[in-house]
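To keep things clear, I will list the structure first and then write my remarks on it.
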Amino acid sequence: MDRTEEPTASFATRAVHAGTAPDPGAGSRAQPIHATAGYAFADASEAAARFAGDAVGPQYGRMHNPTVDAFAARLSALEGGVAGVAFASGQAASAATLLALARPGTRVLLSREAFGGTFALFRKWLVPWGVAVTTVAPEADAVAAAMGDDVVAVWVETIANPSGSVPDLERVAAAAHAGGAPLIVDNTWGMGGALCRPLALGADAVVHSATKWIGGHGAFVAGALVDGGSFAWDPLRFPAFHAPDARGRTAVERHGGAALAARASDLGLFTIGATLSPFAAFLALQGLETLPLRAARTCATALDLAAWLEAQPAVRAVRYPGLPSHPSHATARRVLEGGFGAVVAFDLGDAVAAHRVLDALRLVSQVANLGDAKSLAVHPWTTTHAGIDADARRAAGVFEGTVRLSVGLEAPDDLRADLAQALAAGAAA
Ligand SMILES: *Cc1c(COP(=O)(O)O)cnc(C)c1O
């Protein structure tokens, strides 16, 4: 292991070093892109040993790629995990994680403010398959009240989209564990661990859409799972982790505690084939190297813009956990480090006003993505959240007049000027 992967190395140092070393071939300092589907074995017995798991080395490109594995290892080092697995998208990471945990007859507690795609995974696949889902407020009391013997996972997000609410992860983890279930945190908004490391707060695993702040430039789609290895998998409730293989070893034994990562990789990569391309993995590694700087800059600009928006007469409400007016502010101060995220939601009263202001923006693009170097805005009511029942939308903090702004790397004054002229144009129309 590279010295810089040790937990004592600071986050910024790990962000540029962990998981990679100069290439032993040409000595490339940047991580090479291994564009290959297969790997040459030294001889037939070496091939057999790799397939049996007795020799370390890749078998085939669907399951292993050095560039992809370097990205997963670096992200795992940043999150403080035991093992990481990269996937073709955030959705693929979530799907593989849920498939690894749930079986027909089991139940998952899902935050009512979870990402729409996570709800779609349940609606389109897990529920018809026989997995029940209970939507809960992402709070310890609500989790404790909904807990039962059939619950195999509790799933929350670090910062909810777009309401900005921040769960008290330590208390939610304690409630999940008291009921015998692992806590899985979608830490996409926690920016690869730059703002929050849920594993250190008691979560058992985190998933990411690396499409957002990890990539940081809106240039590709990717996802990952990081396993904290902390959960004591109960053999009765999680038989898949304890079933012996042909050699009499269980997944837990084979993978040094990273049984969830092993199982999710088996299902998501080996079986389903939701494999990340090495080209995207290279870009994701590049993204991680500047992540601490981008996180600090975008969070500072977002806080500045949120406070400014709150003082504008056309703006009815601003939801940003960095503002003292946000109900999660006190929790956010404890759970988030170094910033409150780069997304500001603000209300303009109704959909017509929101569309008018969005259409007047010049610097900020209307794009349904987050975490780009360029600032992006959408009207969630008629785009990202349009498929959700109106009452559920309001419960999740999405109203007819809400605009969601993902703050980029532009000069803060230029962004403020663009918002000011758009608000003025909206008021004049
Ligand atoms: C975007 C997003 C996802 C899904 O990730 P993709 O890379 O788009 O598949 C999951 N969770 C959150 C919180 C997201 O913002």
Side-chain angles (χ1 to χ4, degrees), residues 68 71-72 75 79 84-99 108 110-126 138 153 155-167 169 184-196 198 203 205-226 264 268-269 272-277 279-281 283-284 287-288 295 298 302 321 336 341-345 367-372 376-378 380 383-385 387-388 396-398 404-407:
V68 174
F71 163 58
L75 184 60
E79 286 280 12
V85 190
F87 294 94
S89 65
Q91 276 301 106
S94 298
T97 304
L98 286 164
L99 288 178
V108 174
L110 176 64
S111 165
R112 66 178 181 204
E113 297 187 53
F115 177 67
T118 313
F119 276 99
L121 272 174
F122 281 94
R123 197 171 59 245
K124 296 185 183 181
W125 170 247
L126 291 161
W155 186 288
V156 303
E157 294 178 9
T158 317
I159 307 177
N161 171 11
S163 73
S165 74
V166 177
L169 292 178
I184 315 297
V185 178
D186 180 334
N187 195 32
T188 300
W189 287 42
M191 299 191 184
L195 302 188
C196 178
V206 299
V207 297
H208 276 286
S209 167
T211 313
K212 315 292 170 49
W213 289 275
I214 290 175
H217 299 78
F220 62 89
V221 172
L225 161 71
V226 176
L269 304 181
I272 293 172
T275 305
L276 182 61
S277 118
F279 296 94
L283 292 173
L288 284 178
T298 53
L336 305 178
V343 179
V344 181
V367 173
N369 188 22
L370 298 163
D372 196 320
L376 314 173
V378 282
T383 60
T384 54
H385 290 65
I388 303 170
V398 177
R404 182 187 77 186
L405 174 67
S406 171
V407 175

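Atoms within each ligand, like the ligands themselves, are counted from 1 in listed order. Numbers for residues simply follow the sequence, beginning at 1.
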**Asked** Do Thr188 and Glu157 have side-chain heavy atoms sitting under 4.5 Å apart?
**Response** no
**Prompt:** Is any side-chain heavy atom of Arg404 closer than 4.5 Å to a side-chain heavy atom of Val398?
**Reply:** no
**Asked** So do the side chains of Asp372 and Val367 get within less than 4.5 Å of each other, counting heavy atoms only?
**Response** no
**Message:** Do Leu99 and Trp125 have side chains that approach each other closer than 4.5 Å (heavy atoms only, starting at C-beta)?
**Reply:** yes
**Message:** Closer than 3.5 angstrom, by distance alone: can the side chain of Ser89 be matched with the main-chain N or O of Ala222 as a donor-acceptor pair?
**Reply:** no
Would you mind writing out a table of all protein N or O atoms found under 3.5 Å from any N or O atom of ligand 1, naming both atoms and giving the distance to 0.1 Å?
unit_1: ligand 1; atom_1: 5 (O); unit_2: Ser209; atom_2: OG; d: 3.0
unit_1: ligand 1; atom_1: 7 (O); unit_2: Gly90; atom_2: N; d: 2.9
unit_1: ligand 1; atom_1: 7 (O); unit_2: Ser209; atom_2: OG; d: 2.8
unit_1: ligand 1; atom_1: 7 (O); unit_2: Thr211; atom_2: OG1; d: 2.6
unit_1: ligand 1; atom_1: 9 (O); unit_2: Gly90; atom_2: N; d: 3.1
unit_1: ligand 1; atom_1: 9 (O); unit_2: Gln91; atom_2: N; d: 2.8
unit_1: ligand 1; atom_1: 11 (N); unit_2: Asp186; atom_2: OD2; d: 2.6
unit_1: ligand 1; atom_1: 15 (O); unit_2: Lys212; atom_2: NZ; d: 2.7

**Item:** Side chain proximity check, Leu376 to Leu370, heavy atoms < 4.5 angstrom
**Value:** no
